[in-house]
Amino acid sequence: MDRYVVTLGRFILEQEREHPGATGALTNLLYDLTQAAKLIHREVSKAGLVDILGKTGKGNVHGEEVQKLDEYAHEVVFNAMDHGGNLCVMASEEEEGLLQIPEQFPTGDYVLLFDPLDGSSNIDANISIGTIFSIHKRCTEGRDGSLEDCLQPGHRQVAAGYVMYGSSTVLVYTTGSGVHGFTLDPSIGEFLLSHPEIRIPEPGKRIYSVNEGNFSTWSTGQQQLVEWFRGTGGNGGGGFSHRYVGSLVADFHRTLLYGGLFLYPADNRNPDGKLRLLYEASPLALICEQAGGRAIDGSREILAIEPESLHQRTPLYMGNREWVDLAERTLAGEGMAVGR
Ligand code: AHG
Ligand code: MN
Ligand code: MN
């Protein structure tokens with residue numbers, strides 16, 4: 001059968017059958033998430049038409065201007081996920097504390113952590129934005145989940161994924177058996193398998209992706225690394241293209257499909273970097289590693305970091321192993337010896 005006819009629902013079920021112990025709970029979770037994605041896709045698609053743009057004037061926990069679409073996406077995901085009986089707790093980038101399951105609904109064995117709308121500064125310019133999600137199995141007992149259930153290292157995720165609302169809406173996820181991409185066919189409201197078994201190309205395209213505007217705030221090692229990519233540091237290198245969208249989901253999706261290195265380093269204003277460990281770095285690191293790449297905070301594997309707080313930030317380097325390894329060595333002061 002033509003691969004484009006495989007719906008997400010069928011694919012998830014086939015994946016579930018490969019795991020004899022599967023209860024179907026994770027299948028239902030993923031399916032519920034796609035329903036939220038379709039609603040957010042609809043609003044994003046007409047955001048330019050309906051007065052959903054513009055600022056609410058309220059800041060979120062990070063003190064950033066919250067766009068109406070951030071709040072809408074947060075509510076859509078919560079309302080899609082709170083009643084299925086598969087979750088014991090949720091946490092969102094847009095909420096300071098835990099999101100407990102309303103008492104009228106049953107709870108389940110899973111935990112959902114999500115960035116409801118990633119790249120919100122790009123909404124008004126109609127640049128690709130996204131939703132990122134991370135799913136863990138709970139590690140506590142009782143009806144309601146707790147902070148401990150949310151603060152688990154990334155290697156324990158049972159699923160991770162993102163939706164990118166771009167020229168088309170794509171969903172990419174992993175449950176630990178490879179990375180698979182689906183494209184939404186709005187005419188039938190179905191995500192159809194379009195990118196089975198995604199692997200980061202080796203060798204990848206020579207692309208580095210960073211906000212060069214922060215150059216002066218970086219450490220010496222970090223500046224050396226980017227000067228190598230530029231070919232301006234007198235230490236070889238060069239021959240790279242620089243690409244930076246400013247929406248993590250878009251920059252990561254390009255890195256996943258084309259190769260290269262995405263980096264959001266620490267700087268003298270954000271010593272822990274800007275990106276969030278639980279809702280951005282950890283889920284994308286799982287996808288990156290499942291696709292054959294690597295993801296570190298500069299020295300540690302992202303998936304090995306033991307989270308200490310819900311909104312913890314981390315520096316992030318992810319993409320082709322070759323370039324992540326180079327970043328690690330350079331930041332450790334081990335010079336710029338590179339394979340090619
Ligand atoms: P969010 O919209 O969820 O707050 O995420 C924005 C993040 C991420 O999408 C992107 O990689 C990064 O902000 C861009 O930051 P700069 O504008 O500082 O480069
Ligand atoms: Mn984000
Ligand atoms: Mn966000």
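Just follow the structure's listing: the first ligand is 1, and inside any ligand the first atom is 1. Values reported hereafter were calculated over all heavy atoms of this structure, with side chains retained and with hydrogens, waters and symmetry mates removed.
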- request: Keeping the roles fixed (side chain from His180, backbone from Leu193), state whether a donor-acceptor pair exists under 3.5 Å.
  value: no

- prompt: Counting only N and O atoms by type, is there a donor-acceptor contact under 3.5 Å from the side chain of Gln157 to the main-chain atoms of Ser134?
  reply: no

query: Backbone or side chain, does Asp70 get an N/O/S atom under 2.8 Å to the Mn ion (ligand 3)?
result: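 Checking Asp70: none of its N, O or S atoms is under 2.8 Å.
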
Less than 3.5 Å between some nitrogen or oxygen of [X] and one of ligand 1, yes or no?
X	result
Phe262	no
Leu248	yes
Leu275	no
Tyr244	yes
Asn211	yes

Suppose I only count heavy atoms of [X] and a 4.0 Å limit; which atoms of ligand 1 are within that range?
X	value
Gly246	9 (O), 10 (C), 12 (C), 14 (C)
Ser247	9 (O)
Ser120	2 (O)
Tyr264	15 (O), 16 (P), 18 (O), 19 (O)
Gly119	1 (P), 2 (O), 3 (O), 5 (O), 6 (C), 9 (O)

Within the 4.5 Å heavy-atom criterion, are [X] and [Y] side-chain neighbours or not?
X	Y	answer
Gln15	Leu13	no
Thr7	Leu192	yes
Met90	Leu113	no

What atom name does the N, O or S atom of [X] nearest to the Mn ion (ligand 2) carry?
X	value
Glu280	OE2
Asp118	OD1
Asp115	OD2

query: ligand 1 versus Leu117, non-hydrogen atoms closer than 4.0 Å: side chain, backbone, both, neither?
result: backbone

Check contact between [X] and ligand 1, using heavy atoms of the residue and a distance below 4.0 angstrom.
X	value
Tyr279	no
Asp115	yes
Ser121	no
Ile129	no

Tyr244 OH to Phe262 CZ distance, which is reported to the nearest 0.5 Å: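 Reported value, rounded in 0.5 Å steps: 5.0 Å.
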
task: Rounded to the nearest 0.5 Å, what's the gap from CZ on Arg276 to CD1 on Ile132? Could you check?
output: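 Answer for the CZ-CD1 pair, Arg276 versus Ile132, is 9.5 Å.
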
- request: Look at atom 16 (P) of ligand 1 and find which of Arg276, Glu280, Lys274 reaches it with the closest heavy atom.
  value: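 Closest candidate by heavy-atom distance is Lys274.
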
message: Are Phe182 and His195 an aromatic pair, judged by ring center distance below 6.0 Å?
response: no

- prompt: Between Trp228 and Phe240, does the ring centre distance come in under 6.0 Å?
  reply: yes

query: How many degrees, to 10°, between Glu93 OE1 and Leu117 O as seen from the Mn ion (ligand 3)?
result: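 Roughly 160°, rounded to 10°.
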
- prompt: So, for Asp149 and His136, which heavy atoms are closest and what is the spacing to 0.1 Å?
  reply: O-CB, 4.4 Å

Over all atoms of both residues, closest heavy-atom pair of Tyr279 and Ser92: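 What the structure gives for the nearest pair is OH-O, 3.6 Å.
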
task: Indicate whether the side chain of Arg269 and that of Asn214 have a donor and an acceptor atom separated by less than 3.5 Å.
output: yes

message: Ring-plane angle category for Tyr208 and His242, please: parallel below 30°, perpendicular beyond 60°, tilted otherwise.
response: tilted

